[in-house]
Amino acid sequence: MGYTSLVKSFRQDFYPLVCQIPEGRVSTYGALARALGSERAARAVGKMLNENPRPVEVPCHRVVMSDGSLGGYGGGIEEKKRLLEEEGIRIKNGRVKEFEHVVFESFVSDKPLKRLREEQKRVKEKVAVQESGIGFSSVAGVDVSYSNNRAYPALSLWDHENKEEIDVFTTEIDVEFPYIPTFLAFRELPCLLEILEKVEDQPDVVMVDGNGVMHPDGIGLASHLGVETGMATVGVAKSKLCGDLVDEIDREKGKMLSEVRDNGKLIGHALLEGKRAKNPIYVSPGHGVSHDQAVQLVKSYCRYKVPDPIRRAHIEATKRRKKDER
DNA sequence: GCGACAG
DNA sequence: ATCTTGTCGC
């Protein structure tokens, strides 16, 4: 089985894992995340438990916080407490008594996130951080808006020379894979591929709402998209996932750009554009562009904090979601 | 309380 | 990402 099936069945495979917690024992969000293959998935675990299709049968009431406190419960925390006590768990002052003795962590799992990480590393080998040579004549910005598990991707296409929007495309698609930091591509890549299919004349470069090589393993959403499609891509994130700023961004001192490095290696830039912007955006090459090229391209579209093509895609994606919600 | 992890 | 009203400032 390839990694695509892991992505597709990720959620369905998660619930049987929860069922491994024996009656009379409890486990934690973090322990389940580790069983999935990454501690970063702890919040996604909470989200998936909250969306548990079969409460009690899938015993999400047996999942508590790592300090022994109860955490939340869809049917009310009182119900969670009642169910646990019914199973022999003693609770005092909102905490599981003798927590260390009843906590269960020995899940049997093939750790899907570990395997998805390996897939990312294979894709990473194909990422090229270098100029493509030819100039860009068309540029696109992509973004995705969400309503539960329904995604609304949008693409705004621009004439690079005249800085004019040529066209805008939107669509819809179901997503099952949850948002997990550093694993964003497995949730959003299908959305981006779907919207790109609707575009007749493929853009010369795509600006993506997420990171390129500015990723703990050098393979963010923009880079993944670039390798999968062969297109030139640039990553634009609104907050920092990893790395450290070399210089302090300071509007007063006219310092609007800083390198971002990870263990000494250049992985991208923090860029402050737009008069009202308070915080910088984080720019990194996705694929087929250099660091300088990425920064210059993004900068050329920054009338506001976020470059126009992405800003427009964001607006159109949200518009389509709102329309669909009524 | 601190630090904080794209969307 | 989404949940949400008014409000401060250019």
Side-chain angles (χ1 to χ4, degrees), chain A residues 7 29-30 33-34 36-48 50-51 66-67 72 113 116-117 120 124 141-154 172-192 195 206-226 233-245 251 260 262 267-271 274-286 294 298 303-307 310-311 313-322 324-325:
Chain A
V7 172
Y29 300 94
R34 285 192 292 277
L36 286 174
S38 173
E39 202 133 46
R40 295 184 203 255
R43 293 170 75 167
V45 164
K47 188 90 187 338
M48 290 190 289
N50 180 56
E51 294 161 357
S66 59
D67 65 356
L113 292 178
L116 291 179
R117 184 67 89 211
Q120 285 181 312
K124 185 211 160 155
V142 289
D143 192 20
V144 184
S145 184
Y146 293 94
S147 175
N148 297 314
N149 289 338
R150 191 70 172 163
Y152 303 84
E172 329 185 354
I173 180 177
D174 281 318
V175 292
E176 285 295 319
F177 199 89
Y179 167 68
I180 301 171
T182 74
F183 293 93
L184 175 62
F186 297 108
R187 176 175 173 78
E188 250 179 43
L189 196 52
C191 303
L192 302 188
I195 192 64
V206 182
M207 291 195 268
V208 180
D209 62 318
N211 290 304
V213 299
M214 195 169 187
H215 177 283
D217 285 294
I219 180 66
L221 173 63
S223 297
H224 207 132
L225 175 70
T233 58
V234 173
V236 180
K238 292 177 292 300
S239 60
K240 191 164 66 68
L241 173 62
C242 63
D244 302 294
L245 273 68
R251 171 157 263 138
V260 175
D262 185 35
I267 57 173
H269 290 80
L271 174 66
K275 290 200 167 185
R276 302 187 309 180
K278 176 68 183 169
N279 301 310
I281 56 176
Y282 297 86
V283 181
S284 62
V298 170
R303 298 155 57 203
Y304 303 100
K305 171 174 173 173
V306 174
I310 289 182
R311 187 168 172 275
H314 179 79
I315 290 168
E316 293 300 322
T318 304
K319 193 184 292 180
R320 173 141 183 173
R321 173 174 61 80
K322 299 273 193 191
D324 198 47
E325 283 174 345

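Values below: all heavy atoms of this structure, side chains included; hydrogens, waters and symmetry mates excluded. Naming: A, B, ... by sequence-line order, numbering from 1 per chain. These numbers come from a predicted model, not from an experiment.
In this entry the distance linking NZ of Lys47(A) with C1' of dC3(C) reads 12 Å, nearest Å. Here dT2(C) presents its P atom at 15 Å from CD of Glu51(A), a figure rounded to the nearest Å. Going from atom CD1 of Ile310(A) over to atom C1' of dA1(C) covers 15 Å, rounded to whole Å. In this structure, Ile315(A) atom CD1 and dA1(C) atom P are separated by 13 Å, rounded to whole Å. In this entry the distance linking CG of Asn149(A) with P of dA1(C) reads 17 Å, nearest Å.
Within the nucleic acid shown, Ser145(A) comes within 4.0 Å of sugar-phosphate atoms alone, with no base atom in reach, counting heavy atoms only. No contact: His224(A) has no heavy atom under 4.0 Å from any strand. If you check every strand for non-hydrogen atoms under 4.0 Å, Tyr152(A) touches nothing. When heavy atoms are screened at a 4.0 angstrom cut-off, Tyr179(A) is found touching base atoms of the nucleic acid. Residue contacts for Asp209(A): at a heavy-atom cut-off of 4.0 Å it reaches the sugar-phosphate backbone alone, with no base atom in range. Within 4.0 Å of Arg150(A), counting heavy atoms only, lies no atom of the nucleic acid at all.
If you check the side chains of Glu325(A) and Tyr152(A), you find no donor sitting under 3.5 Å from an acceptor.
For the pair Val260(A) and Ala270(A), the tightest heavy-atom approach, listed with the atom from each and the gap, is CG2-N, 3.7 Å. Considering all non-hydrogen atoms of both residues, Ala313(A) and Asp143(A) come closest at CB-N, 3.8 Å. Of all the heavy atoms in Arg187(A) and Cys191(A), the pair that sits closest is O-SG, 3.8 Å. In plain terms, the two heavy atoms of Gly286(A) and Ser223(A) that are nearest each other are O-OG, 2.7 Å. Pro153(A) and Ile173(A) make their closest contact through CG-CG2, 4.1 Å (heavy atoms, listed as atom of the first residue, atom of the second, distance). Taking each heavy atom of Ser38(A) and Leu113(A) in turn, the nearest pair found is CB-CD1, 3.8 Å.
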Which side-chain N or O atoms in residues 175-182 of chain A pair as donor and acceptor under 3.5 Å with protein atoms at least two apart or in another chain?
{"from": "Glu176(A)", "atom 1": "OE1", "to": "Arg11(A)", "atom 2": "NE", "distance (Å)": "3.3"}
{"from": "Thr182(A)", "atom 1": "OG1", "to": "Arg117(A)", "atom 2": "NH1", "distance (Å)": "3.4"}
{"from": "Thr182(A)", "atom 1": "OG1", "to": "Arg117(A)", "atom 2": "NH2", "distance (Å)": "2.8"}

Acceptor/donor pairs from residues 39-47 of chain A side chains to any protein atom, 3.5 angstrom cut, sequence neighbours excluded:
{"from": "Glu39(A)", "atom 1": "OE2", "to": "Arg34(A)", "atom 2": "NH1", "distance (Å)": "2.5"}
{"from": "Lys47(A)", "atom 1": "NZ", "to": "Glu51(A)", "atom 2": "OE2", "distance (Å)": "2.8"}

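The nucleotide range of DNA chain B contacted by chain A, defined by atoms under 4.0 angstrom from heavy atoms of the protein and reported 5' to 3', is dC5(B) to dG7(B).
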- Query: Leu36(A) and Met48(A): side chain to side chain contact (heavy atoms under 4.5 Å, CB included), yes or no, with the steps?
  - Reply: CA-CA 12 Å; Leu36(A) 286 174; Met48(A) 290 190 289; 4.1 Å; yes
- List the steps and the verdict of side chain to side chain contact (heavy atoms under 4.5 Å, CB included) for His215(A) and Leu241(A). CA-CA 7 Å; His215(A) 177 283; Leu241(A) 173 62; 4.1 Å; yes
- Query: If the sugar-phosphate is the primed atoms plus P, OP1 and OP2 and the base is the rest, what is the B/S/- string for nucleotides 5-10 of chain C, using protein heavy atoms under 4.0 Å?
  - Reply: ----B-
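Counted within 6.0 Å of NZ on Lys124(A), heavy atoms from surrounding residues, nucleotides or ligands total 12 or fewer; the atom is thus considered open. In Asp174(A), the CG atom is crowded: over 12 heavy atoms of neighbouring residues, nucleotides or ligands sit closer than 6.0 Å.
Judged purely by atom type and a 3.5 angstrom limit, Ser284(A) has no side-chain atom pairing as donor or acceptor with the backbone of Asn211(A).
For DNA chain B, if you chain together Watson-Crick or G-U pairs that step i with j, i+1 with j-1 and so on, you find no run of at least three with distances under 3.5 Å. DNA chain C contains no stems of three or more consecutive Watson-Crick or G-U pairs with both distances under 3.5 Å.
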